[in-house]
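Below you'll find the structure, written out as structure tokens, and then a few comments.
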Amino acid sequence: MTEAELPEREGMDYDVVVVGAGPAGLATAIRLKQLAEEKGADISVVVVEKGSEAGAHILSGAVIDPIGLDRLLPGWREESDAPLVTQVTDDRFYLLGPAGGVRLPNFAMPPLMNNHGNYIGSLGNVVRWLAQKAEAVGVEIYPGFAASEVLYDENGAVRGVATGDMGVDREGQPKGEFTRGMELRGRYTVFAEGARGHLTKRLIARFGLDAGREPPKFGIGLKELWKVAPEKHQPGLVQHAFGWPLDGKTGGGAFLYHMEDCQVMVGFVVHLNYQNPYLSPFDEFQRFKTHPTFRDTFEGGKRISYGARAITEGGYQSVPRLSFPGGVLVGCAAGFVNVPRIKGSHNAVLSGMLAAEHLFGPLVEGRGYDEVSSYEAAWRASDVGRDLHRVRNVKPLWSRFGTYLGIPLGALDMWTNTLGFSFFGTQKHGKTDAASLKPASEFKPIAYPKPDGVLTFDKLSSVFISNTNHEEDQPVHLKVRDLDLQKRSEHDVFAGPSNRYCPAGVYEWVEEASGPRFQINAQNCVHCKTCDIKDPNQNIDWTAPEGGGGPNYPNM
Ligand SMILES: Cc1cc2nc3c(=O)[nH]c(=O)nc-3n(C[C@H](O)[C@H](O)[C@H](O)COP(=O)(O)OP(=O)(O)OC[C@H]3O[C@@H](n4cnc5c(N)ncnc54)[C@H](O)[C@@H]3O)c2cc1C
Ligand code: SF4
């Protein structure tokens, strides 16, 4: 059936449509409703979320700086169901070699790296709690609906989004239970899709929002939740490590956060500007857990959950223009992670609030579908801008000089920025992550150890505990633009890196009599967006599968 033959979509009209029920989207919605309540205005706000519930697709560390929650919902700590209860009590940094590690003295760390006053917890649970708060102030939330298309008016301004059709088979034909998507129309649409939002990517291209900005940069973050033996558990302990198992040219590192109930969250981030196509972030993570400094934590414990998600790393110089006719970007859709602190959730909340405060005036004046450029003009002088400005050179220095020189230079720069100056100005990132990959002929394959099933695992058993679920009979949501290019370049030149960078075993080159065939096991996709970022030819587009599909993370 062609688009023209499909029944018309029904629509609903709101003042503001928010895409994504993460911390950024929910903070925007709550703040709009708070302002409406304060000023006696009536503003309707709807939030669409592709996960089966708010929080289902959220994967974070997380050590959370409470500045955002304190501003949005002062008094949250006193509430009986407060989603964060474990404060950081001990903060440690390690540089690892293959056989051992050194603990770096805390006094060498710039003050902004101090985690005192921060909380260890599950961002997914914070989001579940924020969703309840939002509904309590009258926000409508529709989980299980992916926004799959941006709607534009006759002047080219954004006028809302459409959710995807449900009940379409693999060939794109309607099935028995076919339901047409809905149009959610708003005077303003807030894109809060998180890192590498697929609609955000199209908006950036359409409105040229990246003009004059550095390219966006990303890492892939892999995470497991463990229940550890009680004698290994130190609630409040935060550990960060870099060095082994990554080589000095590859950026990244590990985190271990001990939260309540013997739960330890262990994660590993690999910067996606790595060069060696044989590198497998998943296997590096598994190797990390065997390091003598950390393996003891996991021995006698049990792995509960697994997942992966891209994290934005471009920072201050990569943030695109945040406003365009009819809409704005908030949170990690714009890329507000403070890289050395590995924190972005506080800026997600703060940017959502800032956007709401700038949209509110135009809304009560009856405006809509125009550009609220005051938000773009304001963010650099806000707490979000100040937070990112001080650390803007850490990632580019790390990329340029490698781990052993780049990190000390980054630390020096953070110190001097604390005092109000920098020797480095504002460094550029240069290349995109896709362009950083080098041909396989320049490297040797990496022999990763086999998983032992106790401390280290394979991808498929890992995806199993991410509770990932997709309707199987639907169009493949990972769109390869040119299969021939994929074979000629991704396979022949780069030796099929998708098989290694995908943390869920979605991509395989299957050898057949007629030659290698690119197989896409789309039902395993955990929506991390790494393929969309790292494919060397930008030949893979992540699009939204049927709403409700994807991981069902518990407290991740
Ligand atoms: C491994 C890792 C560790 C991290 N550690 C920390 C940490 O310790 N502390 C910290 O503060 N930050 C940390 N971060 C960063 C933090 O998670 C992000 O900054 C934060 O989640 C950004 O919030 P957001 O609302 O912008 O996006 P997200 O949290 O990604 O939320 C976006 C939401 O939008 C939904 N969505 C996306 N597209 C659509 C669509 N088209 N239709 C409907 N719904 C859609 C998604 O399903 C999701 O629920 C970490 C990130 C990673 C990956
Ligand atoms: S297919 Fe892409 S988005 Fe899905 S899990 Fe693999 S790399 Fe991540």
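Throughout, residue positions are numbered sequentially from 1 according to the sequence presented. Each ligand, and each atom within it, is numbered from 1 in the order the structure gives.
At least one heavy atom of Pro23 sits less than 4.0 Å from an atom of ligand 1. By the 4.0 Å heavy-atom criterion, Glu49 is counted among the residues contacting ligand 1. Contact analysis leaves His527 out of contact with ligand 1, as no non-hydrogen atom separation drops below 4.0 angstrom. The shortest heavy-atom distance from Ala146 to ligand 1 is under 4.0 Å.
Of the N and O atoms on the side chains of Gln286 and Glu224, at least one donor lies less than 3.5 Å from an acceptor on the other residue.
A side chain to side chain donor-acceptor pair (under 3.5 Å) with Arg341 holds for exactly one of Asn115, Asn114, Asp65; it is Asp65.
In this structure, the protein non-hydrogen atom closest to atom 5 (N) of ligand 1 is Gly61 N, 2.9 Å. Summary of contacts: the protein heavy atom closest to atom 36 (N) of ligand 1 is Lys50 CE, 3.8 Å.
The number of protein N/O/S atoms found under 2.8 Å from atom 4 (Fe) of ligand 2 is 1.
Annotation for Arg170: atom CZ does not count as buried by contact number, only 12 or fewer foreign heavy atoms lying within 6.0 Å.
Trp542 and His198 have perpendicular rings, their planes meeting at more than 60° on a 0 to 90° scale where under 30° would count as parallel.
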Donor-acceptor list for residues 270-278 side chains, cut-off 3.5 Å, not counting sequence neighbours:
unit_1 : atom_1 : unit_2 : atom_2 : d
His271 : ND1    : Lys395 : NZ     : 3.4
Asn273 : ND2    : Ser399 : OG     : 3.0
Asn276 : OD1    : Tyr278 : N      : 2.8

